[in-house]
There are 2 protein chains.
Amino acid sequence: MFIMMQDYDINQFKNPLFTVDSVLFTVIDSVLNVLMVKRLIEPFAGRWGLPGGFVDVDKDDNTDMTARRKLTEKTGLSPRYLEQLQVFSGINRDPRGFSVTSAYYALVAHQAVETRIETVEQASWISVNELPNLAVAFDHKHIIDIAHKRLQQKALYSMVPIYCCPDHFTVGQLKDVIETIIEKEIQRKSLMRRIESSDMFEFVDQKVQSGGRSAQLYRVKKDVSMANFERNLSV
Amino acid sequence: MFIMMQDYDINQFKNPLFTVDSVLFTVIDSVLNVLMVKRLIEPFAGRWGLPGGFVDVDKDDNTDMTARRKLTEKTGLSPRYLEQLQVFSGINRDPRGFSVTSAYYALVAHQAVETRIETVEQASWISVNELPNLAVAFDHKHIIDIAHKRLQQKALYSMVPIYCCPDHFTVGQLKDVIETIIEKEIQRKSLMRRIESSDMFEFVDQKVQSGGRSAQLYRVKKDVSMANFERNLSV
DNA sequence: AACATTTAATGTCGTATAGACACTATAAGT
DNA sequence: ACTTATAGTGTCTATACGACATTAAATGTT
């Protein structure tokens, strides 16, 4: 019996606690928000945590699917953009022992999902500005911070922020999303040049009013890949 | 007893096989090489694999230390540069079941370590050009490919390739290392400008002969951080 | 209807940095 | 002294972003 326990422990030793967690971002009214879930179980029951959990080898072909499944389970939505962030690991980040989380970050347009979010009671958008004063589980505050910095960097040389825009969007909307993410104003002209040169977008035959001259609507072309630029926008 | 087995299985289900593997690069005679280890145990015994293995929670504070420890164990060296690549996971990449590897990539100057490498019989530098014809374990060929692409990208906007140079190096050496990594020639002038503006380097009061005019030796200043540039070199 | 106000979109010029390549500098060999 | 090879600089061009003026098109006001 004691030897069985030892075998068991050896197996545990080779396999740290492994989870997948996602930082799902969206921009609402020029504020960057993160989807968080009120934890119902220990450890850290009652605190806010990132949507995530264990891999289910019967359902998940890989950890990307774990991330997507957990986001869908807990929020009813599948993000338009999902990418690995990095692994966070250590002996102190989970009271149960050495743990590893493969963290992802993801983007959605809040317009497409906000009604569905509200029906899932334990999930909620949290402004990143409120995070410092919030009781958060594990090292999830740190993970969000790293994810935010990565997203900021990515926004300087790619068009990824479009995934925070609805299907049809104006240049003004995209500009606002980018400025919210990088926390700095950009030149509309620079954005127009990138929209043009990326060749990712096409006009929607429709305009939308905005308090002044109507704005042209754009959408992402079918089957285009994400544009990356050779230069960063200035910081 | 049966219930105990079920509990055990549930625990297994929650914890996929987790390993840490590293792609250690170096440049030798204008060829990019990867450190590989001849596997002595199943699965894939006899094939070449990346240096790596299981986390040891008694020795490792986190997976970074696992990566370093495994590199040191199997090669006798600690890399000057080590960074997370990404997680590779899936049901098919290991015959034992769903597995996850947290992959790292690392750089060393081969000059500092080549004698030590040769004393460790199972470890060897493999040219990336020979990889397609080599019997490689798991999805390690794919991991090396992704690591190479990431390194190429990084070489376009940062000075990381210096970690493939010895402590004292010339502009010509650094230029060769960069060109080997990105597989394209660059302008010496552009590199000089970056060396200057990065403010990372200082002269060594010494020159080195090279078949023509002697070359100035440089070294990295004490306690400087890695320079990143706002533009990529052209591809 | 003329005008002010607001936001959208474009035009134009300045600036920073990479690419190209000629030119100079310094070493070794003949 | 001349050739060759490699190191290093000078200078011009090209590109894309920043800044900001200008034009366009919508609404509201007198």
Side-chain angles (χ1 to χ4, degrees), chain A residues 29-30 153 155-159 161 165 168-179 182-219 227-235, chain B residues 29-30 152-159 161 165 168-179 182-219 227-235:
Chain A
D29 296 336
S30 304
Q153 200 53 39
L156 297 178
Y157 66 83
S158 89
M159 277 293 179
C165 290
H168 294 187
F169 62 92
T170 66
V171 175
Q173 279 179 298
L174 180 54
K175 178 166 177 284
D176 177 65
V177 163
I178 293 172
E179 290 177 341
I182 68 174
E183 297 172 314
K184 186 176 179 302
E185 293 202 346
I186 61 169
Q187 293 283 328
R188 177 191 199 82
K189 180 76 184 183
S190 299
L191 180 56
M192 291 295 290
R193 279 190 288 237
R194 288 185 161 202
I195 288 173
E196 173 75 19
S197 69
S198 72
D199 205 36
M200 285 182 68
F201 308 104
E202 61 190 2
F203 290 150
V204 177
D205 194 19
Q206 193 181 344
K207 303 211 175 197
V208 68
Q209 62 201 23
S210 64
R213 172 177 171 176
S214 311
Q216 177 64 52
L217 278 176
Y218 291 79
R219 73 174 153 230
N228 290 294
F229 305 96
E230 305 262 294
R231 300 188 193 181
N232 282 0
L233 298 173
S234 300
V235 279
Chain B
D29 295 336
S30 304
Q152 287 183 322
Q153 201 52 40
K154 203 120 189 166
L156 297 178
Y157 66 82
S158 88
M159 277 290 179
C165 291
H168 293 186
F169 62 92
T170 67
V171 176
Q173 279 178 299
L174 180 53
K175 179 166 177 283
D176 177 66
V177 163
I178 294 171
E179 290 177 341
I182 69 175
E183 296 172 315
K184 187 175 177 301
E185 294 201 346
I186 61 168
Q187 293 284 327
R188 176 190 198 81
K189 181 76 182 180
S190 299
L191 180 55
M192 290 295 290
R193 279 190 288 236
R194 285 187 163 202
I195 287 173
E196 173 74 20
S197 72
S198 72
D199 206 35
M200 285 182 68
F201 308 105
E202 61 191 2
F203 290 150
V204 176
D205 193 18
Q206 194 183 344
K207 303 211 173 195
V208 69
Q209 63 203 21
S210 64
R213 172 175 170 176
S214 311
Q216 176 64 52
L217 279 176
Y218 291 79
R219 72 172 154 233
N228 290 293
F229 304 96
E230 304 264 292
R231 297 191 194 178
N232 282 1
L233 298 173
S234 299
V235 281

Item to check | Integer-rounded Å distance: D:dG10 P and B:Glu196 CD | outcome: 11 Å
For [X] and [Y], work out which heavy atoms get closest and say how close.
| X | Y | answer |
| --- | --- | --- |
| B:Val204 | B:Gln216 | O-NE2, 2.7 Å |
| B:Thr170 | B:Ala215 | CG2-CB, 3.7 Å |
| B:Pro161 | B:Val177 | O-CG1, 3.6 Å |
| A:Ala155 | A:Leu233 | O-CD1, 4.3 Å |
| B:Glu230 | A:Ser234 | OE1-CA, 4.2 Å |
| B:Ser197 | B:Phe229 | OG-CE2, 3.8 Å |

Checklist entry - How would you list, by chain and number, every residue that makes a side chain to side chain donor-acceptor pair (under 3.5 Å) with B:Asp176, sequence neighbours excluded? => result B:Ser30
Checklist entry - Do A:Leu217 and A:Asp205 have side-chain heavy atoms sitting under 4.5 Å apart? => result no
Next on the checklist: Would you say that A:Arg231 contacts A:Leu156 through its side chain, given a criterion of any heavy-atom pair below 4.5 Å between the two side chains?
Outcome noted: no
Item to check | B:Tyr157 OH to B:Asn232 CG distance, which is reported to the nearest 0.5 Å | outcome: 8.0 Å
Checklist outcome for this item: Separation between CD1 (A:Ile178) and CE (A:Met159), nearest 0.5 Å, reads 6.0 Å
Checklist entry - Of all nucleotides in DNA chain C with an atom under 4.0 Å from a non-hydrogen atom of chain A, which is the first and which the last going 5' to 3'? => result C:dT6 to C:dT12
Checklist outcome for this item: Within residues 182-192 of chain B, the residues having a heavy atom closer than 4.0 Å to DNA chain C are B:Gln187, B:Lys189, B:Ser190
Checklist entry - Toward the 5' end of DNA chain D, which comes first, B:Gly172 or A:Phe229, by nearest nucleotide? => result B:Gly172
Checklist outcome for this item: Nearest-nucleotide check on DNA chain D, A:Asn232 vs B:Leu217; residue mapping nearer the 5' end is B:Leu217
Checklist entry - So B:Tyr218 and B:Phe169, would you call those rings parallel, tilted or perpendicular, with 30° and 60° as cut-offs? => result parallel
Checklist entry - In the 5'-to-3' direction, what one-character label does each nucleotide of nucleotides 21-30 of chain D receive under the scheme B = base within less than 4.0 Å of a protein heavy atom, S = sugar-phosphate only, - = no such atom? => result ---BBB----
Next on the checklist: What's A:Gln216 touching, base or sugar-phosphate or nothing? Going by heavy atoms closer than 4.0 Å.
Outcome noted: sugar-phosphate
Check the interface with nucleotides 12-14 of chain D: list each N/O to N/O pair with the protein under 3.5 Å, or write none.
none

Checklist entry - What pairs meet the salt bridge (charged side-chain N to carboxylate O under 4.0 Å, His left out) rule with one or both residues in residues 182-201 of chain A, with sequence neighbours excluded? => result A:Asp199-A:Lys221
Next on the checklist: If you compare every side-chain N and O of A:Ser234 against the phosphate oxygens of D:dG18 (OP1, OP2), does one of them come in below 4.0 Å?
Outcome noted: yes
